[in-house]
Asks: 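Below you will find the structure I want to go over with you.
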2 protein chains.
Amino acid sequence: MTAPRRTAAGDRGGRPPVSSAHEVAAVAQRVLLERGFDETSVDELAAAAGISRRTFFRYFPTKADVLFADSPAEVERFRAGLAAGGPADSWRVVVTRAVMEALRFAPEDREWALHRAQLFFTVPAVQAHAVRVWATWRQLAVDHARRVRHDDPLFSLAVGHAVLAATLAAHEYWTREPAADLGDLLARTLDLLLPPDPPSQR
Amino acid sequence: MTAPRRTAAGDRGGRPPVSSAHEVAAVAQRVLLERGFDETSVDELAAAAGISRRTFFRYFPTKADVLFADSPAEVERFRAGLAAGGPADSWRVVVTRAVMEALRFAPEDREWALHRAQLFFTVPAVQAHAVRVWATWRQLAVDHARRVRHDDPLFSLAVGHAVLAATLAAHEYWTREPAADLGDLLARTLDLLLPPDPPSQR
DNA sequence: CACGTTATGGCACGCGGTGCCACAACGGAA
DNA sequence: TTCCGTTGTGGCACCGCGTGCCATAACGTG
């Protein structure tokens, strides 16, 4: 019947892509940082990456998404970090470790991460989009908290929002004091904002 | 010269507005809730309010702004609440009171407030805009915290983000349990998320 | 009536984002 | 080789949001 499946061998067939999401993101990020987010149109980004405007929107559903190309990897690290916590570990420690692990970057990516963070707090459109992306983080944190306090949904929600608030506070401070270590800042803000262990009462 | 100032008497002159921001907001909010945010165009909102599309954008800089018509009043209540705290009051109590005071609504506005909260967590465009509006809240909270701990800017930032996180968590819970009292929820989430009083160490 | 003032509404434009479709570039089978 | 299915590409038209520009309407005052 119409042989829908390709034989085997690499699972390829059809026209090969002229580029990749990673390549386009790398070019676009550089251009966006150089010329400004709102001052750069998608047409310019596409031209810089050597693709058409229409193809750009196949790689990224939104102009802002090009700044979050590695977001899925971060989310996956966060998820793995939450799952890696042993039963003996305090949940606050588990969450803190997971956040720090998820947001860790290679030294050569530090400047890029800093620039991106600065975009969050200066360009409204980027910040707006970041909130939508980080909803996944929040949900993961909420699910994790629910496993600790399945009796108190408000507590779980608060934990989820606390994770985001701590992450944002650390990044905001970082943009003003770039010499600081983001990991240290995250550890401190999480310690400040994560609710304390539930008292043994009730 | 050219008599720039009108004589006196009510400070009026020129063509009178055909409507007001409050009237337009009331109509638009109803339509948006009935037909959905993304499914309603600005042309439809303008037509429903009896004004032109161009005039709509003079009343509100953005389609989403029509949902935040009373935001300035809330911000002002928040600011006043923060300033009203006596020196004997704990800063956590002051902040909690200020938030609850700012977000208090008349009983007849309860349903509208609930619907608006539901829009925050379902329509990405609204949530994105809310973040930008609430940056003012955060800044006020940060400034207030700085008066308590002027030595620790990271602490101040964390407080600011905690206020927003608690507000969001309370609203999110409220949208799922509309029978709950928003004030109670706010008090609980703020108690969970506001950092504890700085220990007397150092 | 002429004038300044203020609000309105129409028009054109740019930009982000989407649906549709023709076509290009690959592998495989006849 | 030719035909075919598959997959990526790019062009085009379209819609909605938001803005700048400008003509004009509606007021008060001289």
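Values reported hereafter were calculated over all heavy atoms of this structure, with side chains retained and with hydrogens, waters and symmetry mates removed. In what follows, every chain begins at residue 1, and chains take the letters A, B, ... in the order their sequences are listed.
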Asks: Would you call A:R146 and A:V142 a side-chain contact if the rule is heavy atoms closer than 4.5 Å?
Replies: yes

Asks: Please tell me if A:T55 has a side-chain N or O lying less than 4.0 Å from either OP1 or OP2 of D:dG10.
Replies: yes

Asks: Can you sort out the partners of A:R176 under salt bridge (charged side-chain N to carboxylate O under 4.0 Å, His left out), two or more places apart, ordered by chain and number?
Replies: A:E172

Asks: Name all residues meeting the side-chain hydrogen bond (donor to acceptor under 3.5 Å, both in side chains) criterion together with B:R77; count only those two or more places apart in sequence or in a different chain, and write none if there are none.
Replies: none

Asks: With sequence neighbours excluded, give me every ring-ring contact (aromatic ring centres under 6.0 Å, His included) pair touching residues 14-40 of chain B.
Replies: none

Asks: Tabulated below should be each protein N or O lying under 3.5 Å from an N or O of nucleotides 13-17 of chain C; please produce it.
Replies:
unit_1 : atom_1 : unit_2 : atom_2 : d
C:dG16 : OP1    : A:K63  : NZ     : 3.0
C:dG16 : OP2    : A:V42  : N      : 3.1
C:dG16 : N7     : A:R53  : NH2    : 3.3
C:dG17 : OP2    : A:K63  : N      : 2.8
C:dG17 : N7     : A:R53  : NH2    : 2.1
C:dG17 : O6     : A:R53  : NH2    : 3.1

Asks: B:R15 has an atom CZ; how far is it from atom C1' of C:dT6, in whole Å?
Replies: 9 Å

Asks: Without decimals, in angstroms, what is the distance between B:R58 CZ and D:dC22 P?
Replies: 14 Å

Asks: Just to be sure I understand the rule, does A:Y59 reach a base, reach only the sugar-phosphate, or reach nothing, if contact means heavy atoms closer than 4.0 Å?
Replies: sugar-phosphate

Asks: Answer yes or no: is there a side-chain heavy-atom contact under 4.5 Å between B:L193 and A:L193?
Replies: no

Asks: Side chain of A:R92, backbone of A:P195: donor and acceptor closer than 3.5 Å?
Replies: yes

Asks: Could you list all the ring-ring contact (aromatic ring centres under 6.0 Å, His included) pairs where at least one residue sits in residues 169-196 of chain A, not counting sequence neighbours?
Replies: A:F105-A:W174

Asks: Would you call the rings of B:W137 and B:F78 parallel, tilted or perpendicular, taking 30° and 60° as the class edges?
Replies: parallel

Asks: Enter the inter-axis angle for the ends of the helix from C:dC1-D:dG30 to C:dA30-D:dT1 (five pairs per end, rounded to 10°).
Replies: 30°

